[in-house]
Amino acid sequence: MAAEKGKKEIVVLLVGPPGSGKSTFCESVMKSSHRPWSRICQDIINNGKAGSKAQCLKMAMESLKEGKSVFIDRCNLDREQRSEFIKLGGPHVEVHALVLELSAQVCISRSVKRSGHEGNLQGGRAAAVVNKMLRSKELPKLNEGFSRILFCYNDADVENAVKTYTMLGPMDTLPSGSFGLKNPDTKSQPGIMNFFKKVSAVPAASSSSTEATTPKANEKIEIVRVSPVPTLAFPSISTADFQFDLDKASDIILETAEAFLPKLGPARLVLVDLSHGSKILSLVKAKASRKNIDSGRFFTFVGDITKLHSQGGLHCNVIANAANWRLKSGGGGVNAAIFKAAGSDLEAATRARANTLLPGKAVVVPLPSTCPLLNAEGITHVIHVLGPNMNPNRPDCLNNDYTKGCKILREAYTSLFEGFLSTVQDQSKLPKRNNQATVSDSGEEDPERNKKFKGTIASNMKSGSVDDSGKKRSKGWSSWALALHIIAMHPEKHENIVLESTDHIVVINDQYPKARKHVLVLAREESVDGLEDVGRENIQLLEEMQNVGLKWVQRFQDEDPSLIFRLGYHSVPSMRQLHLHVISQDFESDHLKNKKHWNSFTTSFFRDSLDVLEEVKSQGKANVESEAVLRGELRCNRCRSAHPTIPRLKSHIRTCPSPFPHHLLQTSRLLARPDSSN
DNA sequence: GTTCTAGAAC
DNA sequence: GTTCTAGAAC
């Protein structure tokens with residue numbers, strides 16, 4: 001009996017989708033265990049047929065009364081499903097969970113085989129069932145009431161678990177706790193697309209704990225995919241109402257798509273047109289096959305872009321809209337159709353990102369969860385694109401100027417594909433930052449100011465946006481990062497802090513000086529956000545910034561000749577608007593608090609103004625150092641000795657007697673008065 | 001960029 | 001116990 005002294009029954013909840021091996025596990029243990037077990041399987045509890053949870057509970061209680069331990073052989077994938085079985089626990093009954101985290105593919109193929117009805121339909125159903133279950137899976141936690149949880153990720157783990165439970169005699173117990181959990185991140189399962197993003201961002205990730213929801217790169221069976229391949233469906237831009245030449249347009253589509261496919265991983269690009277007789281479709285199709293473009297990853301499709309999944313059976317997670325400049329519904333065609341299908345959600349979501357769009361630009365709009373397009377078609381993002389216009393009855397007609405037109409159309413597709421790329425992967429590691437959005441921060445759009453079409457996508461501009469997986473994106477500038485930009489654009493509104501200004505520059509004190517003297521010379525050029533945006537056209541500007549910086553050094557040294565300065569730029573600025581740091585080398589400041597602060601001024605991340613000028617003159621651009629150096633050791637800027645913490649470093653630099661390194665002394669990178677004793 | 005703070009390091 | 005870092009939130 002259960003009450004027998006020292007003896008404890010065990011309830012083991014198997015946790016896993018169909019085909020994960022729950023029944024096999026139970027049978028293996030029961031075959032040679034010395035402990036009496038009862039397997040309670042919901043699939044057969046009803047005289048061989050599937051039964052209810054209540055039946056399972058009742059039978060479990062009966063078995064426990066008989067002194068048997070029990071396996072609860074049902075999926076038990078979410079907390080709620082498990083909760084009532086956990087209540088079976090008590091002073092004489094322990095409750096364990098055994099989690100079978102095997103890959104979705106394995107589970108699906110096993111359940112297909114078991115059903116004895118191989119083939120697409122059965123396979124499709126099995127896949128659908130497993131996928132659906134995995135989507136709402138919650139891994140068990142000790143605080144649900146388990147005394148022990150064991151995670152298995154592969155056959156070897158399962159074999160060990162079988163041994164563990166087989167060896168368990170009637171009087172034995174197992175240690176409490178959670179065992180074998182490999183990646184605690186899987187405790188909550190975000191939407192299926194989030195998973196895909198995570199996986200595609202780190203293609204090398206092979207942690208088997210995510211395997212259950214990770215598609216293999218080269219899956220052979222379509223239905224086994226847990227997440228669909230990211231796919232962008234896009235209409236031909238500018239060739240309908242904007243009357244752009246079809247031949248030229250088709251060349252540009254192919255050219256830009258071809259350039260992007262290698263960057264997109266397994267993702268697909270699909271040109272869509274409503275009509276079977278579409279000329280642009282047949283042109284693109286013919287040219288694509290001539291160019292031997294991978295037809296699995298770039299193809300044309302006839303259908304309604306708002307109903308590709310439901311009517312066409314094509315799964316696309318992102319669609320492009322041939323938008324108008326006002327980013328509003330209307331005009332008929334694709335634009336009207338998409339706005340109609342997406343409902344008011346799209347207008348609101350668009351408005352949160354941008355108010356207007358310039359030709360050649362794109363804006364990525366994530367659809368809110370309530371959006372019908374998301375729910376009915378699985379579309380997670382709409383990317384609005386505005387192409388060039390050749391129709392005299394529409395705004396901004398280019399009057400047949402195809403030089404300009406082709407350039408803008410190329411930009412439009414590039415912006416679109418970049419936008420798509422940004423939905424596929426987290427781009428935080430991309431070195432280039434100059435593909436910035438050009439929608440104004442205040443939401444007011446000034447078409448005049450975008451003389452250069454260097455930027456491409458307009459997205460995530462309103463604030464530090466967070467993508468679906470919770471990471472901050474590198475695109476766009478958070479509101480705090482705009483402070484310098486705002487001052488540079490309107491110094492007259494900030495008279496209280498502006499020390500000096502000309503048509504091209506503004507000088508201010510750094511709000512959080514990292515040394516006794518620390519001022520910033522801001523460029524007033526609209527489109528130059530940082531060193532990476534600098535080109536030959538900015539040489540005069542760089543020279544003026546340096547001269548103004550030197551003037552301020554003189555001024556400071558007149559007050560205190562012992563001050564030593566460097567003039568330079570951060571390789572990758574945290575704040576928008578090119579700014580030159582004029583900073584004394586004492587680094588005596590309470591605002592200098594962390595490794596990033598120190599390393600940004602004392603490693604190769606800090607690019608001396610002189611060097612930058614020389615590089616721009618000779619090679620047309622400045623070299624920039626990777627942000628990785630910011631995480632390096634803390635080294636003295638004079639003797640280069642390493643120090644474990646910021647406080648220790650600071651106390652060292654207060655008294656370090658060494659001269660500055662050779663390369664700084666050699667040229668006039670380091671600005672010291674001759675009579676200073678350094 | 002800063003502030004705040006959990007928790008690692010000492 | 002305190003010091004310090006590093007990540008999240010802004």
Side-chain angles (χ1 to χ4, degrees), chain A residues 183-185 187-188 190 194 198 201-202 352-353 426 428-429 433 436-437 441-442 460-490 494 497-498 506-515 517-523 528-533 568-583 587-603 605-607 624-636 641-654:
Chain A
N183 179 2
D185 284 346
K187 63 182 179 291
S188 70
N194 298 350
K198 212 155 97 196
V202 193
R353 305 266 152 180
D426 179 12
S428 59
K429 292 286 181 266
R433 252 187 117 152
Q436 293 299 338
D441 317 306
S442 59
N460 305 317
M461 282 304 292
K462 294 278 163 163
S463 63
S465 63
V466 165
D467 75 12
D468 297 347
S469 56
K471 281 179 200 152
K472 191 168 167 285
R473 284 195 185 173
S474 66
K475 285 191 171 294
W477 298 91
S478 302
S479 55
W480 53 259
L482 298 171
L484 301 181
H485 174 74
I486 290 166
I487 295 167
M489 292 303 112
H490 299 287
H494 301 88
I497 54 166
V498 169
V506 174
V507 182
I508 59 170
N509 271 311
D510 191 297
Q511 201 189 343
Y512 299 93
K514 303 298 184 293
K517 293 295 174 191
H518 185 185
V519 299
L520 304 178
V521 182
L522 315 181
V528 186
D529 290 337
L531 216 43
E532 287 174 288
D533 300 322
Y569 303 87
H570 283 158
S571 286
V572 183
S574 295
M575 303 189 81
R576 181 174 176 186
Q577 204 64 25
L578 182 68
H579 52 281
L580 175 72
H581 290 271
V582 177
I583 184 165
F587 296 108
E588 248 180 71
S589 164
D590 290 342
H591 297 294
L592 200 159
K593 291 175 173 170
N594 59 45
K595 190 176 255 191
K596 184 176 180 182
H597 290 154
W598 177 257
N599 283 339
S600 72
F601 289 105
T602 60
T603 66
F605 188 82
F606 189 83
R607 303 295 338 279
V624 290
E625 180 57 88
S626 146
E627 285 173 284
V629 300
L630 296 176
R631 296 186 287 273
E633 291 175 306
L634 294 168
R635 287 187 176 276
C636 172
S641 58
H643 300 267
T645 66
I646 288 284
R648 299 269 286 274
L649 170 79
K650 281 183 150 186
S651 81
H652 166 83
I653 60 170
R654 270 197 290 274

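Side chains included, hydrogens not; waters and symmetry mates left out as well; all remaining heavy atoms used. In what follows, chains are A, B, ... by sequence order, proteins preceding strands, each numbered from 1.
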Can you check the L482(A) CG to dT2(B) P distance for me, whole Å? 16 Å

If you look at every strand shown and take non-hydrogen atoms under 4.0 Å, does K593(A) touch a base, only sugar-phosphate, or nothing? sugar-phosphate

Taking the side chain of W480(A) as heavy atoms from C-beta outward, which of dT5(C), dC10(C), dT2(B) is closest to it? dC10(C)

H597(A) side chain N/O closer than 4.0 Å to the phosphate oxygens (OP1, OP2) of dT2(B)? yes

D533(A) side chain to V528(A) main-chain N or O, any donor-acceptor pair under 3.5 Å? no

Taking 4.0 Å as the cut-off, does a side-chain nitrogen or oxygen of K514(A) come that near to OP1 or OP2 on dT2(B)? yes

Ring geometry between H581(A) and H570(A) (parallel below 30°, tilted from 30 to 60°, perpendicular above 60°): tilted

Rounded off to whole Å, could you give me the CG-to-C1' distance for the L649(A) and dT5(C) pair? 14 Å

Figure out the NZ/P separation between K595(A) and dG7(C), and round it to whole Å. 11 Å

Given atom CZ of F601(A) and atom P of dG1(B), what is their separation to the nearest angstrom? 7 Å

Could you check T602(A), I646(A), N594(A) and say which one makes a side-chain contact (heavy atoms from CB on, under 4.5 Å) with L634(A)? I646(A)

Rounded to whole angstrom units, what separation is found between the CZ atom of R648(A) and the P atom of dT2(C)? 19 Å

Separation of atom CG in L520(A) from atom P in dG1(B), rounded to whole Å: 10 Å

Please report, rounded to the nearest Å, how far the P atom of dT3(B) is from the CG atom of D590(A). 11 Å

Name the nucleic acid region contacted by I646(A), choosing base, sugar-phosphate or nothing; use a 4.0 angstrom heavy-atom cut-off, strictly under. sugar-phosphate

L630(A) CG to dG1(B) C1', straight-line distance once rounded to whole Å: 13 Å

Closest non-hydrogen atom pair between L484(A) and H579(A), with its separation: CD1-ND1, 3.5 Å

